[in-house]
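This report concerns only the one structure given below.
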Protein chains: 2
Amino acid sequence: MNQPTIQEAIKVACSNCNLRELCMPVGFDSEDMQKLDEVVATRRRVKQGDLLFANGEEFTSLFAIRTGFFKTCISSADGREQVTGFQMAGEIIGLDGIVSDFHSCNAIALEDAEVCVMPFANIEDLSREFPLLQRHMHKVMSREIVRENGVMMLLGNMRAEERLAAFLLNLVQRLHARGLSQTEIVLRMTREEIGSYLGLKLETVSRAFSKFSEEGIIEVKQRYVRIIDPEALKKIFNPQTYC
Amino acid sequence: MNQPTIQEAIKVACSNCNLRELCMPVGFDSEDMQKLDEVVATRRRVKQGDLLFANGEEFTSLFAIRTGFFKTCISSADGREQVTGFQMAGEIIGLDGIVSDFHSCNAIALEDAEVCVMPFANIEDLSREFPLLQRHMHKVMSREIVRENGVMMLLGNMRAEERLAAFLLNLVQRLHARGLSQTEIVLRMTREEIGSYLGLKLETVSRAFSKFSEEGIIEVKQRYVRIIDPEALKKIFNPQTYC
DNA sequence: ATCAAGCTTTGATTCAAATCAACATAAGTG
DNA sequence: CACTTATGTTGATTTGAATCAAAGCTTGAT
């Protein structure tokens, strides 16, 4: 079902990875860290547009994103698509598959990407040995649950501009945590994909971008976005705190 | 922050609990099952309208619902409420607290309830000892993630009647799995709470109920609902499969 | 039993976002 | 490069759900 991808047999090591603080728990000594390298079996490259995994595929591994950008999405029986998340370097993807041993969404690379393949059996074995890793995995899953709670609030209660403001703030915050600019973004997704995530149509997303631009809150040119006035965005997202 | 509740020191045992197949993994021998009883420290009663836990409270335990019915909800800075789920007997509540060690939602009893208090430290200790329990906890969290994915699809893509149909079908399915009627429900929540969960206003929920009733799909009288034509509900929720 | 408060239903009107439509811009491809 | 296709913007119109409003039911308390 997936496009062919290169399976690299190169030796991979979390212990040397610059994303370690994002994917992995902190506080291990170097000896334990060596053992933890066993969670990652191999790396895998995924080309832009290709599937990392697909709905219905057997679940065997979680994936830690090393480089690149993904979306996860589900579709209803009559073909409506819902983007359920956007994932970037250092984030874990594939948690949906644990419950049934089959994936229940598609994960698609929005740019050329590389992931660390972490066989779930390895994760479970090492989690029993290392309480810190166990705790870490629990937190990763809980974080995803809490994120989705927030999305429910967005979709259930927020207006189009509030949703887009929240989306932009979340994106820059995560990019900033990875050492990228707090003010400039090059979006990896289309207006339609943003809209799908936020429960809006692409025209509505485009209009909200234009509105923010007219108001001098952001500068937009296609996928390039510069945040001129982050406080204004926060105020739109969260009016009460600012009145 | 919570209303006072009775802390019962009675000896509790999963090994004898009729909800065991819902809360706990299957496949243990009776000796291991005895050890697993340690996961539950005590039971706690929660009166209708009272909080099981509140946003901001320290997270120490997960709760398995023995009897009763809960809602979980979050509120935005300016006071908008979003119900993030309804939980019934045999379900686990409190997963939101794991990531930050503080709860990020309120859990409120919609009827008098009793829960098993499972200190998270106990769960983690026993999970390291018993791979089946470890796997079970992972599945519980993954199931919650997948449920929320489905809610995102509902809120992002579905119309009011489709949302209500999905909600009713989900509810009867879960009640049926607990040995209750597949056709008759007494709702534990108000129209407003249903609306909050589904991203709708209470009037819209009421109108959708009335519409289904006029069409002979359900019989409604306040909180009482009888499903006359479940296939029609499935068709509304999921038109493609039926055309 | 009576009253008050909370919930539910229904109708009239408004409004935010969807839809329909046209064009502009960018990105790929042979 | 020219041409096709994908993506993005903007305007006009429609529409589904929100809002505003009023009345009917239930439930629980005095």
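Please read these numbers as outputs of a predicted model, since none were measured by experiment. Chain letters run A, B, ... following the sequence lines, proteins first and then strands; every chain starts at 1.
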Legend entry - Side-chain donor-acceptor pair present, A:Gln82, A:Ser75, cut-off under 3.5 Å: no
Inset, instruction - Mind calculating the distance between CZ (A:Arg207) and P (C:dA22) to the nearest angstrom? - result: 15 Å
Legend entry - Between OG on residue B:Ser104 and CZ on residue A:Arg147, distance to nearest 0.5 Å: 13.5 Å
Legend entry - Whole-Å distance separating the CG atom of A:Leu202 from the P atom of C:dA18: 10 Å
Legend entry - Electrostatic pair A:Glu91:A:Arg178 at N-O distance under 4.0 angstrom: yes
Inset, instruction - May I ask you to evaluate whether A:Ser210 reaches the phosphate of D:dT10, defined as a side-chain N or O under 4.0 Å from OP1 or OP2? - result: yes
Legend entry - Rounded distance (Å) that lies between atom P of D:dA17 and atom CZ of B:Arg191: 17 Å
Inset, instruction - Take atom CD of B:Glu203 and atom C1' of C:dT10, then tell me their distance rounded to the nearest Å. - result: 10 Å
Inset, instruction - Describe the nucleic acid contact of B:Gly199 in one word from base, sugar-phosphate, nothing, applying a heavy-atom distance below 4.0 Å. - result: sugar-phosphate
Legend entry - Distance below 4.0 Å between B:Lys221 side-chain N/O and D:dC25 OP1 or OP2: no
Legend entry - Spacing of B:Lys201 atom NZ relative to C:dC15 atom C1', expressed in whole Å: 14 Å
Legend entry - Value in whole Å for how far the C1' atom of C:dT9 lies from CD of B:Gln222: 9 Å
Inset, instruction - Ignoring backbone atoms, establish whether B:Thr204 has a side-chain N or O less than 4.0 Å from OP1 or OP2 of D:dA18. - result: yes
Legend entry - B:Arg159 CZ to D:dT15 C1', straight-line distance once rounded to whole Å: 10 Å
Legend entry - salt_bridge(B:Glu214, B:Lys211) N-O dist < 4.0 Å: no
Legend entry - Length of the line joining B:Arg223:CZ and D:dC25:C1', which is rounded to integer Å: 12 Å
